[in-house]
Amino acid sequence: MGVEIANAPVTDESFESMAEFVYDYLQASVENEGDGGRMRWYPWHSAEYRFNHIMNVVDLATEIARKEGANVDVVKVASLFHDIAKLEADQDVHAEAGARVAREYLQSHAQFPDSFIDQVCRAIENHSHQGDLDEVSLEAQCLIEADLLDKVGANGITLMLLRMGYEARTHMDAAEMVQRVLGRGEDARKRVQSDTAESIAHQRLKRVAWFREWLEGEVSEMSVDDEELLR
């Protein structure tokens, strides 16, 4: 099944074509860096990781949008393009750069209404917004919440533990890394506003706390009160 945007349907096939374009764009960004690119040695500075993050955000943002009454079409497409410029632009301008790429693609590949393209690009531009989520559209809010939540839970733990190897840390640092995930998750839970996002944050924090409890029995000097984090 496809989804409808005014008179221009976004079919599964057209969305898949968008996704292929995004992946190819990310891959080209890495290849064009050459040796010594920005953070090149980190595992998440790759087309594979960035694309996986993007698709995670697509799934999360779409779920939030459906349950919170946002425009699912806008959220889904904005989520797909939100980090397309992440590997080639500086952090403080990657949202604006991504919106430009999305606009060029949407204007040249389909007959989407200008109003739809504007909403998508505005959500992409605002996904790095650091202020109150009431200051952005509901569609941008869904994207921001999903972007925050992807780094919480089992996925967040995996990334932090993977980072330990790249930083030549030992397993004795696992407590610190898991605590970072808990801290990040708590920050995310405080920032999200929708009931759906808050529920997801709570579930993911519980998973991190469970993992930490298992570690406590095997890693010395590991004792942090997680009860406050889960209230």
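- Gln193 is linked by a side-chain hydrogen bond (donor to acceptor under 3.5 Å, both in side chains) to Asp132, counting only residues two or more places apart in sequence or in another chain.
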**Request:** Using the side chain to side chain contact (heavy atoms under 4.5 Å, CB included) rule, take Arg184 and Arg180 through it: C-alpha gap first, then chi angles, then the decisive distance, then the call.
**Result:** CA-CA 6 Å; Arg184 176 181 286 171; Arg180 289 190 190 183; over 6 Å; no

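- Smallest separation of non-hydrogen atoms from Ala61 and Ala146: N-CB, 3.4 Å.
- Residues Ile84 and Ile124 share a hydrophobic cluster, clusters being chains of Ile/Leu/Val/Met/Phe/Trp/Tyr side chains in contact below 4.5 Å.
- With values rounded to the nearest 0.5 angstrom, Leu87 atom CG is found 9.5 Å from Gln27 atom CD.
- Every residue two or more places apart in sequence or in another chain was checked for a salt bridge (charged side-chain N to carboxylate O under 4.0 Å, His left out) with Asp150, and none qualifies.
- Under the 4.5 Å side-chain heavy-atom criterion for ILVMFWY residues, no single connected hydrophobic cluster contains both Val208 and Leu60.
- Taking CG from Leu205 and CD from Gln203, the interatomic distance works out to 10.5 Å, rounded to the nearest 0.5 Å.
- Between Glu104 atom CD and Phe81 atom CZ the span is 10.5 Å, to the nearest 0.5 Å.
- Between the Gln130 side chain and the Ser128 main chain, a donor and an acceptor come within less than 3.5 Å of each other.
- Contact annotation: the side chain of Glu198 never approaches that of His202 to less than 4.5 Å [non-hydrogen atoms, C-beta and beyond].
- Between the side chain of Arg204 and the backbone N or O of Gly185 there is no donor-acceptor pair closer than 3.5 Å.
- Residues passing the ring-ring contact (aromatic ring centres under 6.0 Å, His included) test with Tyr23, sequence neighbours excluded: Phe51.
- Neither Met18 nor Val75 shares a network with the other; the hydrophobic side chains, linked directly or stepwise wherever heavy atoms of I, L, V, M, F, W or Y lie under 4.5 Å apart, form separate groups for each.
- For Thr196, the side-chain hydrogen bond (donor to acceptor under 3.5 Å, both in side chains) criterion is met by Glu68, not counting sequence neighbours.
- Shown here for Ile64 and Leu149, the closest heavy-atom pair between the two residues is CD1-CD1, 4.3 Å.
- For the residue pair Ala188 and Leu148, the shortest heavy atom distance occurs at CB-CB, 4.1 Å.
- Ile54 CD1 to Asp59 CG: the interatomic distance, rounded to the nearest 0.5 Å, is 12.5 Å.
- Sorted by first and then second residue, the ring-ring contact (aromatic ring centres under 6.0 Å, His included) pairs with a member in residues 127-148 read His82-His127, His94-His127; sequence neighbours excluded.
- Ring orientation note: the planes of Phe112 and Phe116 are tilted relative to one another, at an angle of 30° to 60°.
- Contact check for Leu106 versus Val77: side-chain heavy atoms found under the 4.5 Å cut-off.
- Remark: Glu63 engages Lys67 in a side-chain hydrogen bond (donor to acceptor under 3.5 Å, both in side chains) (not counting sequence neighbours).
- The closest side-chain heavy-atom distance from Arg100 to Glu96 is below 4.5 Å.
- In this structure, the side chain of Thr62 engages the main chain of Val58 through a donor-acceptor pair within 3.5 Å.
- Here Tyr25 contributes atom OH and Asp83 contributes atom CG; the two are 12.5 Å apart, rounded to the nearest 0.5 Å.
- Between Phe211 and Trp214, the ring-plane angle classifies as perpendicular under the 30° and 60° cut-offs.
- Residues in residues 113-125 take part in these salt bridge (Lys or Arg N to Asp or Glu O under 4.0 Å) pairs, two or more places apart or across chains: Arg103-Asp118.
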Could you tabulate the donor-acceptor pairs under 3.5 Å formed by side-chain atoms of residues 136-144, not counting sequence neighbours?
residue	atom	partner	partner atom	Å
Ser137	OG	Ala140	N	3.1
Glu139	OE2	Asn71	N	2.9
Gln141	NE2	Glu145	OE2	3.2

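- The neighbour count for Glu13 CD, taken as heavy atoms of other residues, nucleotides or ligands under 6.0 Å away, does not exceed 12.
- Residues Asp147 and His53 form a side-chain contact, since some pair of their non-hydrogen atoms from C-beta on lies under 4.5 Å apart.
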**Request:** Quick one: do Phe21 and Val101 satisfy side chain to side chain contact (heavy atoms under 4.5 Å, CB included)? Show the steps, please.
**Result:** CA-CA 11 Å; Phe21 170 80; Val101 176; 3.9 Å; yes

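- Closest approach of Val181 and Gly156 over heavy atoms only: CG2-O, 3.5 Å.
- In this structure Asn126 satisfies the side-chain hydrogen bond (donor to acceptor under 3.5 Å, both in side chains) test with no other residue, sequence neighbours excluded.
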**Request:** Test Met55 against Leu80 for side chain to side chain contact (heavy atoms under 4.5 Å, CB included), laying out the working first.
**Result:** CA-CA 7 Å; Met55 297 311 294; Leu80 182 62; 3.8 Å; yes

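- Think of Val93 as one node in a network of Ile, Leu, Val, Met, Phe, Trp and Tyr side chains linked at under 4.5 Å; it has no links at all.
- With contacts defined as side-chain heavy-atom distances shorter than 4.5 Å, the pair Leu159/Tyr49 qualifies.
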